[in-house]
**Student:** 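Below you'll find the structure I mean.
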Amino acid sequence: MQINRTELADLGTFLAIARQRSFRRAGLELGVSASALSHALKAMEARLGVRLVNRTSRSVTLTAAGEDLLASLDAPFAAIGCALDVLNQHREPAKATGRIRLNVLEHASTLLLAPVLPLFHERHPQLEVDVRVSNDLLDVVNAGADAGIRYGGTVPQDMVAQRLSADLRWVVVGAPAYLDRHGTPAHPRDLSAHRCLRIRLGDVSLYRWEFERAAETLALDVPGAATIDNTQFALSLAVAGGGLAYLPEPCVGPSVARGELRIVLADWAPMGSGFHLYYPGRRQLPTGLRLLIELIREVKPLGL
């Protein structure tokens with residue numbers, strides 16, 4: 001069966017909608033408006049004589065026919081993407097083209113990518129980087145991303161992982177005014193008498209603060225009136241005296257240097273796994289992604 005250019009574009013439109021489960025996000029991915037995507041999909045469904053997507057004001061889901069079409073298209077479109085990316089191997093690195101789609105943790109965006117991307121764009125001006133920052137444990141394939149960045153211990157086992165940073169030290173910090181008023185904890189169990197900024201993980205569970213000294217390890221469900229999932233919010237609350245925060249040391253370094261926060265329980269601060277980039281093993285590593293990995297390892301914003 002012959003397929004024309006319009007039909008191929010429509011299939012690409014459907015694939016973006018199916019992966020993102022959102023006309024808005026699919027529009028951002030393709031660089032068109034959500035209304036234009038909606039009209040294109042309606043025309044495609046009318047031409048095919050079958051409904052592919054169920055739309056409501058709150059959700060976008062696939063029909064059984066849509067699920068079958070998605071399963072059939074995923075591998076061939078991935079192969080087309082790999083075939084086009086092969087052309088980049090015949091270009092000079094500075095002339096490589098294309099788009100890299102990443103799904104990264106908030107900490108990875110600020111600590112790892114922010115220091116590197118300006119230099120990356122200088123060296124590879126024709127490569128676009130599309131970053132979705134989320135602490136949710138998303139499936140990068142279903143999210144339409146080329147790769148994700150997480151802490152090493154949370155990378156799915158069926159993915160290929162490459163280390164991008166050294167391990168990170170996690171510390172407890174508080175504002176001087178808070179510590180002067182409530183005292184400085186000398187042992188992790190002293191936190192039971194403090195206000196702590198509790199951490200909600202991407203799977204909506206609450207994180208138990210981890211501590212380690214010599215051979216002794218602790219994981220505590222700390223008390224606190226506030227539960228958050230955003231680092232900048234945690235820093236702002238801690239600096240304002242809202243409670244003690246538990247964060248990677250590089251996140252709090254500037255505030256500690258300015259005297260806005262103090263590290264407490266320093267002799268209990270554990271090392272946590274560093275950042276790893278991960279991607280499906282069945283897919284060829286895109287040239288742009290390979291160049292980004294090489295630059296991160298060259299710059300070493302968090303050591304390696």
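FYI, side chains are in, hydrogens and waters are out, and symmetry mates aren't considered; it's all heavy atoms of this structure.
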**Student:** Looking at residues at least two apart in the chain, or sitting in another chain, which of them share a side-chain hydrogen bond (donor to acceptor under 3.5 Å, both in side chains) with D267?
**Tutor:**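 With neighbours one apart ignored, the set is R213.
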**Student:** Without swapping roles, check the side chain of H276 against the backbone of G274 for a donor-acceptor pair under 3.5 Å.
**Tutor:**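 Yes: the side chain of H276 pairs with the backbone of G274.
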**Student:** Do R55 and E45 sit within salt-bridge range, that is, some charged N less than 4.0 Å from a carboxylate O?
**Tutor:**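 A salt bridge links R55 with E45.
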**Student:** Test salt bridge (charged side-chain N to carboxylate O under 4.0 Å, His left out) on R198 and D221; report intermediate values, then the result.
**Tutor:** CA-CA 8 Å; R198 304 168 79 190; D221 184 8; 3.3 Å; yes
**Student:** Could you tell me if the side chain of V173 sits less than 4.5 Å from the side chain of R262, heavy atoms only?
**Tutor:**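 R262 does not reach V173 side chain to side chain.
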**Student:** I want to check something: taking the side chain as every heavy atom from C-beta on, are F14 and V53 in contact at a cut-off of under 4.5 Å?
**Tutor:**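 Answer yes - side chains close enough.
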**Student:** For R150 and Y278, test the side chains for any donor-to-acceptor distance below 3.5 angstrom and give the result as yes or no.
**Tutor:**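 A donor-acceptor contact under 3.5 Å links the two side chains.
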**Student:** Quick check: closest heavy atoms across A245 and L197, and the distance to 0.1 Å?
**Tutor:**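 Looking at all heavy atoms of both residues, the shortest contact is CB-CD1, 4.0 Å.
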**Student:** Can you tell whether the side chains of E294 and R123 come within less than 4.0 Å, N to carboxylate O?
**Tutor:**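 Result for this pair is no, no salt bridge flagged.
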**Student:** Once rounded to the nearest 0.5 Å, what's the spacing between atom CD1 of I149 and atom NE2 of H107?
**Tutor:**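 Between atom CD1 of I149 and atom NE2 of H107 there are 13.5 Å.
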**Student:** Could you please spell out the steps behind the side chain to side chain donor-acceptor pair (under 3.5 Å) verdict for E212 and T217?
**Tutor:** CA-CA 4 Å; E212 180 179 332; T217 60; over 6 Å; no
**Student:** Could you pull out the closest heavy-atom pair between G243 and Y178, with the gap in Å?
**Tutor:**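 That closest heavy-atom pairing would be CA-CE1, 4.0 Å.
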